[in-house]
Amino acid sequence: MRILVLVRKDLLRAWRDRRAFVVNLLLPLLLTFIMGLSFGGGIFGKSGISVIPLVAVGEDVPSALRDRLAEQLAETDFFALEWADSTEARRRVTRGEAAAAVVLPPGAVGDYFRGEELRIDVWKDPGRPLKAGIVEQVLQRALRQVQAGEAGYRALWPDDEESMPPGAEEDTWSDLFAGDMNTVWKRWRRVGGEGGFTEVGEWFLARMDHQVALSDAMAESRLDLAVTDAAATPDVAESREINLFSYFLPGFSVFFLMFGVAASARDLHRERAAGTLQRQLLAPLGTNHIMTAKWLSSVVQGAAQMLVLLVAGAVLFRVDLGPDSWSLLTLVVLTATAAASFFMMLAVVTPNEKVMDNVSTTVVLVAAMVGGNFVPVDAMPAWITYVGRWVFNYWSNSGFSLVMVRGESLAHDLQPAVVLAAMTVGYGLLALAFTAWQRRRGGLL
Amino acid sequence: MIIVENLVKRYGSHRAVDGITFEVAKGELFGLLGPNGAGKTTTIGVLSTLLPADGGRASIGGHDVAGDPGGVRRLIGVVPQEIALYQDLNARDNLLFWGRIHGLGGKALGTRVERLLELVALGEHARQKVETFSGGMKRRLNLAAGLIHNPEVLFLDEPTVGIDAQARTKLLALIGDLAADGLTIIYTTHYLEEAEQLCHRIGVIDQGRMVAVGDKEDLISQIGDEDRVRVQVPSERHRALTSAAETWPGVDSVSERRGKLEIRVADGGAVLPPLQAWLAAEGLDLAQLEVIRPNLETLYLNLTGRGLRE
């Protein structure tokens, strides 16, 4: 209960601290608003991207053709194509290892050459809208070219190779285009007599069938590109409207949360300097009580700040918070707990508020960079992504991408939640152990 | 109530508290007098369980400070040198918070808070943020926070630092009332007059050591009850003045001290007429004359050779 007394005190102070209110809530809200408006202008317009990893599925595509395609795409320095079976392809896209999977159904190539329709599935990673969008556009263009090529082929090489009735060839086309059906008719009767009528009629109908087939080829392709998010099953794929700001709002929110929680952890130094920490230690409280209460109040403030920003994004900019509110809430709380543990640890190992201020600001900026708060992680070099995995915000961003962008629940991929929970416990225990050690040697004062 | 034996506290090789021993009886107001850096605050830190001792032992109300810190904390209240309050909360909320973390609550806490606010004359400012208070008001509230859980022993660590004379007088009167009510108090200060005015007994502390302990009269008697008249004359006339002074009534001894002659006499005023007459007869102007009556400061100077307000 005394922990709650301590938490209540911190929350009361935070509530009455106008400066903290402005810095931790109003300023982030204002910046979120400005950023939300900025996205209306298309922030991706000039951004460069790295090689796009693609995976292709085509179980009966000849290996020579597979290798040739992979080589040609690699030569563009824009795509890296690998072939895989459908299960592996879905796994890679779902886990963000490939921007999209291009799936050719079994027997598709042969069927197409036999004149049957061909449906090509594209499973895209909703967490990589930029790269998946590029893949989709490239495929659409390629299919249009194939369609145009087919139509041109049919026009140039009609499958009906019969010649026109003898003697009628010379002027028939000009008469037809002139609309002079009377002359055409007379000529056909003159040339073919009574039997010629039937012969010319058949020839005419064959030509009309050819023209209809050519028109159909241009109007309706036998090629169909079906694009779905990898998170949805192919059979029940639902089309979700993804707001571009949805990809960035969680990142911004986590960034502001880091600053807010760092400021809250710095309060430990302020209390030590003011003597209120010593006074608390004189009450029947352990250091664990005091640290846990400080951690808890940081969590409450951080989670509240983040929820306000997310809700503001949803209300003001129609950001989709995802279909699973519990997953979103769990992720917000886990992000706040991991951040609070991390910055509490930083607070207890730094000697004073000034050092803590400098260290935490540096850490927040670096972690935000490598953890994907400013630039999507998939647009960064692989080594930065590897470094990012060591900071909690990387996992928060991954989790929010899963919940808000892909529309999944946390249960679909537990890794972000598990890592955040582990970081919460790990950093928290380190902070408690260090504080207890400091207390024993009187270093807390 | 408080027993301290050979208490030692080291910071690296520096002995901040170096074998201090003293006792404080129940209901006594005990002063720890010493200059800045003498070891007063460190002693309070160890006795209040905030700092671990490196040697010796101490107990409060029968509870060993090292062995039963929880028992000690239940008995004590501490008013630190700093204003250990939440500046962004009002006076009432501060006291409610400190009461709650000591396990108080409900109506009893509310009544206690109101009583303390009245006691420290802040009843009208209960809803005012502490950051808007004057230095004296903050000091009084700081004192109230140390009393919120009704402790049996109160440590006051230089509670009048940084406040004006009027506020100090008010605060000292308040502390005097608490002592009169039977609260056991350890009061650290480097203001001599505060210790003389308030404390039943005084321990003089310097460089981590207790150099003298006793009531005011005991301490002064340690340096004798004679006045000292110090006079500066040319050194070649020291012998002549010494011979003359030894004949004056009440003079006990004459000695040379740091280039001056020091005349020990029962009543310093009585030697001034013959001294003036001697100087006139010798054709000398009075360069410097000092009459020192025995008090705590002279005791301290005698013991340490340093001023109290260093």
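Letters A, B, ... are given to chains in the order of the sequence lines, protein chains preceding strands, and every chain is numbered from 1. Here the structure is a predicted model, which means the values were calculated and not measured.
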*asked:* A quick test of your reading: do over 12 heavy atoms of other residues, nucleotides or ligands sit less than 6.0 Å from CE of B:Met1?
replied: yes
*Would a distance-only check, ignoring hydrogens and angles, find a side-chain to backbone donor-acceptor pair under 3.5 Å from A:Arg279 to B:Ala84?*
yes
*Interchain contact, A:Leu6 with chain B, by part (heavy-atom threshold 4.5 Å)*: both
*Note, A:Pro284 side chain near B:Arg74 side chain (heavy atom, < 4.5 Å)*: no
_Carboxylate-amine/guanidinium proximity below 4.0 Å for A:Arg8 and B:Asp93_ = no
*With only heavy atoms counted, which part of B:Leu85 is less than 4.5 Å from chain A, the side chain, the backbone, both or neither?*
both
*Between A:Arg13 and B:Asp88, is there a salt bridge with N-O shorter than 4.0 Å?*
yes
_For a quick test of reading the model, state the closest non-hydrogen atom pair linking A:Leu285 to B:Arg73 and the distance between them._
O-NH1, 4.4 Å
_Looking only at heavy atoms and a cut-off of under 4.5 Å, which of B:Ala145, B:Gly70, B:Pro69, B:Gly45 has the most pairs with chain A?_
B:Ala145
*Can you name the closest pair of heavy atoms from A:Leu282 and B:His102 and give their distance?*
O-NE2, 4.1 Å
*Part of B:Asp54 within contact of chain A (heavy atom distance under 4.5 Å)*: neither
_Minimum-distance pair of heavy atoms, taken over all atoms of B:Arg100 and A:Val5_ = CB-CG1, 3.5 Å
*asked:* Can you tell me which portion of B:Ile83 sits under 4.5 Å from chain A's heavy atoms? Options are side chain, backbone, both or neither.
replied: backbone
*So which part of A:Gln280 gets closer than 4.5 Å to some heavy atom of chain B, the side chain, the backbone, both or neither?*
both
_For A:Thr276 and B:Phe97: C-alpha separation, side-chain torsions, deciding distance, then whether side-chain contact (heavy atoms from CB on, under 4.5 Å) applies._
CA-CA 11 Å; A:Thr276 48; B:Phe97 167 71; over 6 Å; no
*Relative to chain A, which segment of B:Asn90 carries a heavy atom at a distance below 4.5 Å: side chain, backbone, both, or neither?*
both
*asked:* Is it the case that atom NZ in B:Lys129 sees more than 12 heavy atoms from other parts of the structure closer than 6.0 Å?
replied: yes
